[in-house]
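As the structure is a prediction and not an experimental result, all values here were calculated from the model. Count residues from 1 along the sequence.
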Amino acid sequence: MKLRGKAAKTLIALLMLLVPVSAMLAQDAGNEKGEAPVVKKERSIFSYESPVIKKPEEKRWFFNIGGMYNRKVGNTDTMTANMGTDLVFDNNISELELSYTTFYGETRGKVNENKGAGSIKYDHYIFPRVEVFVFSRSEYSEAAQLDFRNNSGLGAKYVIFKNYFWLMDISAAPVYQYEDYRDRNETYTYRWSFRYRLKITPYKDVAANFVSYYIPKVNDFEQYRLIVDAFLNVKILTNLSLKLGYNHLFNKNALPGTKRYDDTSYVQISMNL
């Protein structure tokens with residue numbers, strides 16, 4: 001538990017180190033006629049830039065797919081693989097996202113990791129800082145003996161910062177949860193889903209992302225799940241990027257004989273279209 005806590009704190013610290021000490025200041029400009037220079041509006045990393053719908057010629061559809069495969073034989077016999085993909089429509093006012101990730105691993109022919117998660121969500125601004133959203137997330141995990149889990153709900157999001165440098169927001173939603181474990185009866189519960197998100201783009205070809213979910217039962221906040229998903233994405237070619245990620249899953253109500261937490265660090269080569 002201490003190692004897991006240190007890893008999470010270290011990753012958060014690295015992401016926050018990307019924040020500069022001061023904001024970028026605009027420069028004055030004049031014209032050849034000797035007119036008074038026009039003072040550009042100062043841009044601050046703590047400002048909020050209201051969303052404006054994209055022009056028809058601006059890109060609205062985005063597709064990304066990536067993965068990594070690693071096999072060792074000889075004194076060791078291991079195989080690990082991961083894959084992630086997402087399709088996004090974004091016009092700055094509305095955003096639709098479909099995504100899927102999976103991780104698989106074997107040691108001497110025995111499966112030691114087999115998990116995946118897929119989601120669909122739709123966000124829409126109703127006020128400059130407020131969005132409403134609807135989502136559905138499904139997942140499975142061989143190690144946790146989880147055959148299937150689905151969380152679906154709708155809620156609201158408040159944007160704290162949104163500008164050229166970063167995006168920070170918080171959200172809350174009531175969700176309906178269905179779970180089917182291998183050695184446990186199917187369950188249906190109502191939960192809350194509280195989310196914190198931070199996206200930082202310190203340079204044009206570098207982006208960092210941190211998202212955490214706290215998902216307690218509606219009537220018992222001591223019975224909860226926790227999800228942390230963080231990654232650093234670095235563009236290496238026009239449509240190719242390197243992704244370094246960390247994923248942490250915690251379940252207070254894990255099955256007896258299984259661990260409450262599941263941590264995964266991974267590397268991916270991604271194609272972006």
List in chain and number order the residues that pass side-chain hydrogen bond (donor to acceptor under 3.5 Å, both in side chains) with [X], two or more places apart in sequence or in another chain; answer none if no residue qualifies.
X	value
D205	none
D123	K121, K157
D169	R195, R197
N70	none

Any chain of hydrophobic side-chain contacts (each under 4.5 Å) joining [X] to [Y]?
X	Y	value
L96	V134	yes
L244	L240	yes
Y176	F148	yes
V88	I65	no
F89	I53	no

What pair of heavy atoms forms the shortest contact from [X] to [Y], and how long is it?
X	Y	answer
N150	S136	ND2-OG, 3.1 Å
F210	A230	CD1-CB, 3.9 Å
N163	S47	ND2-O, 2.9 Å
T238	K235	O-CE, 3.0 Å
P202	F165	CA-CE1, 3.6 Å

Taking the basic N atoms (NZ, or NE/NH1/NH2) and the acidic carboxylate oxygens, is any pair closer than 4.0 Å for R149 and E179?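 So R149 pairs with E179 through a salt bridge.
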Return the set of residues passing side-chain contact (heavy atoms from CB on, under 4.5 Å) with [X] (not counting sequence neighbours), or none when no residue passes.
X	answer
T258	Q145, A254, L255
E106	M79, Y104, V111
K252	E222, Q223, Y224, F250, R260

Beyond-backbone contact of [X] with [Y], side-chain heavy atoms, under 4.5 angstrom:
X	Y	answer
Y266	K243	yes
N209	N233	no
Y246	D263	yes
V159	F127	no
R225	L249	no
D183	Y181	no

Item to complete: For R129 and I160, indicate whether the former's side chain and the latter's backbone hold a donor-acceptor pair under 3.5 Å.
Response: yes
Side-chain donor/acceptor of N64 to backbone N/O of L87, under 3.5 Å: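 Looks like no, no N/O pair under 3.5 Å.
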Quiz question: by atom type and distance under 3.5 Å, do the side chains of S270 and N272 form a donor-acceptor pair?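 No donor-acceptor contact under 3.5 Å links the two side chains.
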Please round to the nearest 0.5 Å and tell me the distance separating atom [atom1] of [X] and atom [atom2] of [Y].
X	Y	atom1	atom2	result
F161	L198	CZ	CG	10.0 Å
M83	F103	CE	CZ	10.5 Å
Y178	T187	OH	OG1	8.0 Å
K259	N251	NZ	CG	14.5 Å
T189	Q177	OG1	CD	4.0 Å
L242	F231	CG	CZ	12.5 Å

| said: Can you tell me how the ring of Y214 sits relative to the ring of F221, calling it parallel under 30°, perpendicular over 60° and tilted otherwise? | reply: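 Aromatic pair Y214/F221 classed tilted.
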By ring pair (Phe, Tyr, Trp, His ring centres under 6.0 Å), F62 pairs with (sequence neighbours left out) none
List, by chain and number, the other hydrophobic cluster members for F133, where Ile, Leu, Val, Met, Phe, Trp and Tyr join if side-chain heavy atoms come within less than 4.5 Å, directly or indirectly.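 Result for F133 is F135, V175.
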TODO: Would you mind listing every salt bridge (Lys or Arg N to Asp or Glu O under 4.0 Å) that reaches into residues 54-74, with sequence neighbours excluded?
DONE: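 Residue pairs with at least one partner in residues 54-74: R71-D77.
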Check the pair V130, Y158 against side-chain contact (heavy atoms from CB on, under 4.5 Å), reporting the backbone distance first and the verdict last. CA-CA 5 Å; V130 179; Y158 179 77; 4.3 Å; yes
**Asked** Taking only residues at least two apart or on different chains, which pairs with a member in residues 81-94 satisfy side chain to side chain donor-acceptor pair (under 3.5 Å)?
**Response**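 For residues 81-94, and leaving out neighbouring residues, the side chain to side chain donor-acceptor pair (under 3.5 Å) pairs sorted by first residue read N82-Q268, S94-Y122, S94-H124.
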May I have the list of side-chain donor-acceptor pairs in residues 112-120 shorter than 3.5 Å, sequence neighbours left out?
unit_1: N112; atom_1: ND2; unit_2: T107; atom_2: OG1; d: 2.6
unit_1: E113; atom_1: OE2; unit_2: T264; atom_2: OG1; d: 3.3
unit_1: K115; atom_1: NZ; unit_2: D262; atom_2: OD2; d: 3.3
unit_1: K115; atom_1: NZ; unit_2: T264; atom_2: OG1; d: 2.7
unit_1: S119; atom_1: OG; unit_2: S99; atom_2: OG; d: 2.9

